[in-house]
2 protein chains.
Amino acid sequence: MNQLNEIEGFLREHAIRPSFQRVQIFKYLKNNKTHPTVDTIYQDLHPVIPTFSKTTVYNTMKLFTDRGLVSAITIEEGETRFDGDTSTHGHFKCTNCGELHDLFFDEPVNIPSLPEGFQLQEMHYYGWGLCPRCSK
Amino acid sequence: MNQLNEIEGFLREHAIRPSFQRVQIFKYLKNNKTHPTVDTIYQDLHPVIPTFSKTTVYNTMKLFTDRGLVSAITIEEGETRFDGDTSTHGHFKCTNCGELHDLFFDEPVNIPSLPEGFQLQEMHYYGWGLCPRCSK
DNA sequence: GTATCTGCAAAACATTTGCAATTCT
DNA sequence: AGAATTGCAAATGTTTTGCAGATAC
């Protein structure tokens, strides 16, 4: 069973029709842990899909995030990034060079105390500071 | 000592010239815990400052956040909100009605484990789910 | 055959930039 | 006078929308 077949099955399980574009985008997100933007995805897949359009990337990313298949990172304004890894972890942005890194927790992160009646479904953790290269 | 004098002194302490616009914006942020956007600030202060412009709000918010006087909330793309309360707390957005609430932690929040060389300066905590009104 | 999906072009917004007028010291 | 600040108008860049053609079931 190759990766493409696996992805098609996975998308079908989530009631998403595995169009060529969607499968390519999903594969791209699973293979690239670079937290790409819509533009990055478009630029990188454009050669693979000649008629590719950014609208399709926007449509697909909305679909994937709505279904919980990927998560949207809004750590910086005006540039939404996407992460194919939906496990509990945060993101760290270097305030000097702008590079984005994953942020993992040793212990289970504590849950905020919500007033009666609130239902927490998702948490995002964003950090800022200096990366090793910029903190010297 | 009235609030305006206090604000002027506070801004001077942070090497910020207390122009009329800046003092009004700062006062607004301290008195309104509504996490306003640039547009909200502009709309609400426009009557008070006849020649007011959004550019000034953008300039001032950048100045205030750079100096750590207020914090920028980027929980949703395309709509930066601001918080005059810079103490450690998160924000919660109802995925149904879109309302934004403060998110407080009972215990001290645990710090993510950063690889050697990283220097963490700021953390933001964003949560999504249903508010009491929408979870019924 | 009908519903869904794609992609072009235009529109809608938030934010930034250039610059001249104004204000403060 | 000199430096900082303001605010208008234009530009920029991302995301959304309308719609016609293509594709899948």
Side-chain angles (χ1 to χ4, degrees), chain A residues 4-5 7-9 11-26 28 35-67 69-82 98 100, chain B residues 4-5 7-9 11-12 14-26 28 35-67 69-70 72-82 98 100:
Chain A
L4 291 186
N5 284 336
I7 293 174
E8 286 192 15
L11 293 182
R12 277 190 212 282
E13 279 166 33
H14 288 80
I16 293 171
R17 266 200 216 161
S19 73
F20 183 70
Q21 287 86 334
R22 287 170 178 173
V23 171
Q24 290 300 316
I25 292 172
F26 193 82
Y28 180 87
H35 314 104
T37 63
V38 162
D39 193 62
T40 310
I41 299 168
Y42 173 75
Q43 294 302 334
D44 290 352
L45 289 182
H46 192 235
V48 182
I49 314 165
T51 61
F52 207 35
S53 82
K54 275 194 194 175
T55 305
T56 299
V57 186
Y58 278 108
N59 288 340
T60 305
M61 297 324 291
K62 181 167 173 26
L63 182 66
F64 285 175
T65 52
D66 284 353
R67 301 289 171 86
L69 269 58
V70 307
S71 83
I73 308 165
T74 56
I75 193 169
E76 62 190 317
E77 193 51 51
E79 190 175 81
T80 306
R81 291 157 167 270
F82 297 93
L100 197 65
Chain B
L4 291 186
N5 285 334
I7 292 174
E8 286 193 13
L11 294 182
R12 276 190 215 282
H14 288 80
I16 293 171
R17 263 200 217 161
S19 72
F20 184 69
Q21 287 86 334
R22 287 171 178 173
V23 171
Q24 290 299 316
I25 293 173
F26 193 83
Y28 180 86
H35 314 103
T37 63
V38 162
D39 194 63
T40 310
I41 298 168
Y42 172 75
Q43 294 302 335
D44 289 352
L45 289 181
H46 193 235
V48 183
I49 313 165
T51 61
F52 207 35
S53 82
K54 274 195 193 174
T55 306
T56 299
V57 186
Y58 278 108
N59 288 340
T60 305
M61 296 325 291
K62 180 167 173 30
L63 182 65
F64 285 175
T65 51
D66 284 354
R67 300 290 171 84
L69 268 58
V70 307
I73 307 165
T74 55
I75 194 171
E76 61 189 318
E77 194 51 51
E79 190 175 81
T80 306
R81 290 157 167 269
F82 297 93
L100 197 65

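Throughout, a chain's letter reflects where its sequence line sits, starting with A, and its residues are numbered from 1. As a basis for the values below, the full set of heavy atoms in this structure was taken, side chains included, without hydrogen atoms, waters or symmetry mates.
- Residues forming a salt bridge (charged side-chain N to carboxylate O under 4.0 Å, His left out) with B:Glu77 (at least two apart in sequence, or on another chain): none.
- Interface limits on DNA chain D: the 5'-most and 3'-most nucleotides within less than 4.0 Å of chain B heavy atoms are D:dA4 to D:dT15.
- When the nearest nucleotides of DNA chain C are assigned to B:Lys62 and A:Arg22 by heavy-atom distance, the more 5′-ward of the two goes with A:Arg22.
- Ring pair A:Phe64/A:Phe26 is perpendicular by interplanar angle, where above 60° counts as perpendicular and below 30° as parallel.
- Taking CD1 from B:Ile49 and CG from B:Asp44, the interatomic distance works out to 11.0 Å, rounded to the nearest 0.5 Å.
- In this structure, the separation between NZ on A:Lys54 and NE2 on A:His46 is 10.5 Å, given to the nearest 0.5 Å.
- DNA chain D lies under 4.0 Å from at least one heavy atom of each of the following residues of residues 71-81 of chain A: A:Gly78, A:Thr80.
- Between B:Gln21 atom CD and B:Thr51 atom OG1 the span is 6.0 Å, to the nearest 0.5 Å.
- Rounding to the nearest 0.5 Å gives a distance of 11.0 Å between CG of A:Leu63 and NE2 of A:His14.
- Between B:Phe82 and B:Val38, the shortest heavy-atom contact is CE1-CG2, 3.8 Å.
- With sequence neighbours excluded, no residue forms a salt bridge (charged side-chain N to carboxylate O under 4.0 Å, His left out) with A:Glu8.
- Smallest separation of non-hydrogen atoms from A:Thr74 and B:Ile75: OG1-O, 3.7 Å.
- Between A:Tyr28 and A:Pro36, the closest heavy-atom pair is CE2-CG, 3.8 Å.
- We find the CZ-CD1 distance between B:Arg81 and B:Ile41 to be 11.0 Å, quoted to the nearest 0.5 Å.
- Taken residue by residue, residues 40-55 of chain B places heavy atoms nearer than 4.0 Å to DNA chain C at B:Thr55.
- Think of the region where chain A sits on DNA chain C: with heavy atoms and a 4.0 Å cut, that region ends 5' and 3' at C:dT4 to C:dT15.
- Atom CD of A:Glu13 sits about 10.0 Å away from atom CG of A:Leu69, to the nearest 0.5 Å.
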